[in-house]
Amino acid sequence: MEKPIAVVTGAQQGIGLAIAQVLSTRGFYTVLCDLDERALSVAAEAIGDSSGYTLDVSDFAAVERVAAQVEDTLGPIAVLVNNAGINRDRMLHRMSREEWDRVVAVDLTGPFNFMRHVVPRMRERRAGRIINISSASWQGNVGQANYAAAKAGVIGLTKTAAKELAPFHITVNAICPGFIDSPMTRRMAPEAFSAMVAKIPVGRIGTPHDVAKVVAFLASDDASYVTGEVINVGGGMVL
Ligand code: NAP
């Protein structure tokens, strides 16, 4: 593969799809990972110079297989974007153990799984970019104890990895989207959706491309001296 390879998880729709689209326009071959084979192949075909891998990011062994397969068949992974995420919102006093476990498994263990399997090869090459998608909710948000805890964990993971990997010229940064127009937020009740939009100082909901362009910056040469940072992309919103 002549182009550098960027792996994007949760890339069949929403923010992940926009990230893959923007990275593709910036010269990357994109590897899309998500749950639905059909949606993945539609997305990969639309992007061009792209492949889809059906994968649950919470499955340690499956991530190991896909990371090895990409490296062995396509080439070295230059950029890893851990974007796949879910929410299962409920007040803490009603939250089930399953709702807690699943969100932590996908939103926190998922990024760990991918980093665990990609970092050894990046260390050998002494190069790499890792961008983790956290959330403005990491600071605490009513009804999101599981999600906020997982997304706060992503920031701890990011900052630790940044320190461990800086000597290997690997940068690790996190992005905290605010309220972005995607299938995830469109599942909300219309009143709750409008109430969130009303809280955004710039006066509009974020687009997936607003987030994707910051990912592209962190993946670019312009960001080679930026590591361990948490960048809010929320139009000034404070939860
Ligand atoms: P989305 O529209 O729901 O897209 C997320 C994608 O990840 C979906 O295609 C989803 O598949 C996939 N996915 C879920 N579980 C997975 C798993 N175990 N393995 C692989 N893929 C999986 O969400 P989004 O709004 O684009 O969010 C992308 C990221 O941004 C998430 O990490 C989210 O927490 C974060 N974020 C979003 C917002 C926002 O306002 N939208 C704000 C802050 C942070 P299914 O649809 O089949 O579940």
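Numbering of ligands and ligand atoms starts at 1, following listing order. This chain uses plain numbering: 1 for the first residue, then up along the sequence. In this text the structure is predicted, and so the values were computed from the model without any measurement.
Within the 4.0 Å heavy-atom cutoff, A11 does not count among the residues contacting ligand 1. Under a 4.0 angstrom heavy-atom cut-off, R186 registers as lying outside contact with ligand 1. The closest approach between T9 and ligand 1 stays at or above 4.0 Å for every heavy atom of the residue. Residue contacts with ligand 1 leave out S137, since none of its heavy atoms falls under 4.0 Å from the ligand. Proximity of D36 to ligand 1 is not established, as no heavy-atom distance is less than 4.0 Å.
Contacts between P208 and ligand 1, counted as non-hydrogen atom pairs separated by less than 4.0 Å, are absent for every part of the residue. Neither the backbone nor the side chain of M196 has a heavy atom within less than 4.0 Å of ligand 1. With a 4.0 Å heavy-atom cut-off, ligand 1 is reached by the side chain of I86 but not by its N, CA, C or O. Contacts between D181 and ligand 1, counted as non-hydrogen atom pairs separated by less than 4.0 Å, are absent for every part of the residue. Counting heavy atoms under 4.0 Å from ligand 1, residue T185 touches it through the side chain alone.
The option from I133, N83, V103, L35 that lies nearest to atom 31 (C) of ligand 1, judged by heavy atoms, is N83.
Taking a cut-off of under 4.0 Å to the non-hydrogen atoms of G14, the atoms of ligand 1 that pass are 26 (O). For ligand 1, the atoms sitting less than 4.0 Å from at least one non-hydrogen atom of D56 are 17 (C), 18 (N), 19 (N), numbered in the order shown with element in parentheses. Of all atoms in ligand 1, listed by their number and element, those nearer than 4.0 Å to a heavy atom of F179 are 40 (O). Which parts of ligand 1 touch S134 is read off a 4.0 Å heavy-atom cut-off, strictly below it: atoms 35 (C), 44 (C). The atoms of ligand 1 that sit less than 4.0 Å from any heavy atom of L55 are 19 (N), 20 (C). Counting atoms of ligand 1 from 1 in the listed order, those under 4.0 Å from a heavy atom of R102 are 18 (N). Ligand 1 places these atoms under 4.0 Å from at least one heavy atom of Y147: 33 (C), 34 (O), 35 (C), 36 (N), 43 (C), 44 (C). Those atoms of ligand 1 that come under 4.0 Å of a heavy atom in P177, given as number and element, are 42 (C), 43 (C), 44 (C).
Regarding atom 23 (O) of ligand 1, its nearest protein heavy-atom neighbour is M184 CB, 3.4 Å. Among protein heavy atoms, the minimum distance from atom 40 (O) of ligand 1 is reached at I180 N, 2.7 Å. Looking at atom 7 (O) of ligand 1, its nearest protein heavy atom turns out to be G10 CA, 3.3 Å. When hydrogens are left out, the protein atom nearest atom 5 (C) of ligand 1 is G85 O, 3.9 Å; that is the closest non-hydrogen contact. Looking from atom 19 (N) of ligand 1 to the surrounding protein, the closest heavy atom is V57 N, 3.0 Å. In terms of protein heavy-atom proximity, atom 42 (C) of ligand 1 is closest to G178 O, 3.1 Å. Taking atom 27 (O) of ligand 1 as the reference point, the nearest protein heavy-atom neighbour is I15 CD1, 3.9 Å. The nearest heavy-atom contact from the protein to atom 9 (O) of ligand 1 is D34 OD2, 2.8 Å.
No more than 12 heavy atoms of other residues, nucleotides or ligands lie within 6.0 Å of CZ in R116, so this atom counts as exposed by the packing criterion. The environment of L35 atom CG is dense: over 12 non-hydrogen atoms of other residues, nucleotides or ligands sit within 6.0 angstrom.
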(request) Please assess D49 against R26 for the test salt bridge (charged side-chain N to carboxylate O under 4.0 Å, His left out), listing each intermediate value before the final yes or no. (result) CA-CA 12 Å; D49 263 354; R26 307 286 167 97; over 6 Å; no

(message) Set out, in order, the CA-CA distance, both residues' side-chain angles and the distance that settles side chain to side chain contact (heavy atoms under 4.5 Å, CB included) for L32 and Y53, then state yes or no.
(response) CA-CA 6 Å; L32 319 185; Y53 287 80; over 6 Å; no

(message) Would Y225 and T171 count as a side chain to side chain donor-acceptor pair (under 3.5 Å) here? Give the steps.
(response) CA-CA 8 Å; Y225 199 63; T171 68; over 6 Å; no

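The backbone N or O of L157 sits nowhere less than 3.5 Å from a side-chain atom of T160 that would complete a donor-acceptor pair. Counting only distance, with no hydrogens or angles, the side chain of R123 and the backbone of F168 share no donor-acceptor pair below 3.5 Å. Although no hydrogens or angles enter the test, the distance criterion places a donor-acceptor pair under 3.5 Å between the side chain of N146 and the main chain of E99.
Considering backbone and side-chain atoms alike, S182 places an N or O below 3.5 Å from some N or O of ligand 1. Any N or O atom pair closer than 3.5 Å counts here, and Q13 shares at least one such pair with ligand 1. In terms of N/O distances under 3.5 Å, ligand 1 is not approached by G16. Not one N or O of V106 is nearer than 3.5 Å to an N or O of ligand 1, by distance alone.
S58 approaches R102 most closely through the heavy-atom pair OG-NH1, 3.1 Å.
By the 30° and 60° cut-offs, the orientation of the rings of F112 relative to F60 is parallel.
Residues E71 and R125 are paired through a salt bridge, judged by an N-O separation under 4.0 Å between the basic side chain and the carboxylate. Electrostatic pairing of D210 and R204 counts as a salt bridge here, judged by a charged N lying under 4.0 Å from a carboxylate O.
Using modelled atom types and a 3.5 Å distance limit, the side chains of S50 and T30 yield a donor-acceptor pair. Side chains of Q12 and D36: a donor-acceptor N/O pair is absent below 3.5 angstrom, by distance only. Checked by atom type, the side-chain pair T158/N132 shows a donor-acceptor distance below 3.5 Å. Using modelled atom types, one finds no donor on one side chain facing an acceptor on the other under 3.5 Å when comparing T54 with E37.
The structure places CG of D101 at 8.0 Å from OG of S96, a figure rounded to the nearest 0.5 Å. Going from atom CD of E45 over to atom CG of L40 covers 12.5 Å, rounded to the nearest 0.5 Å.
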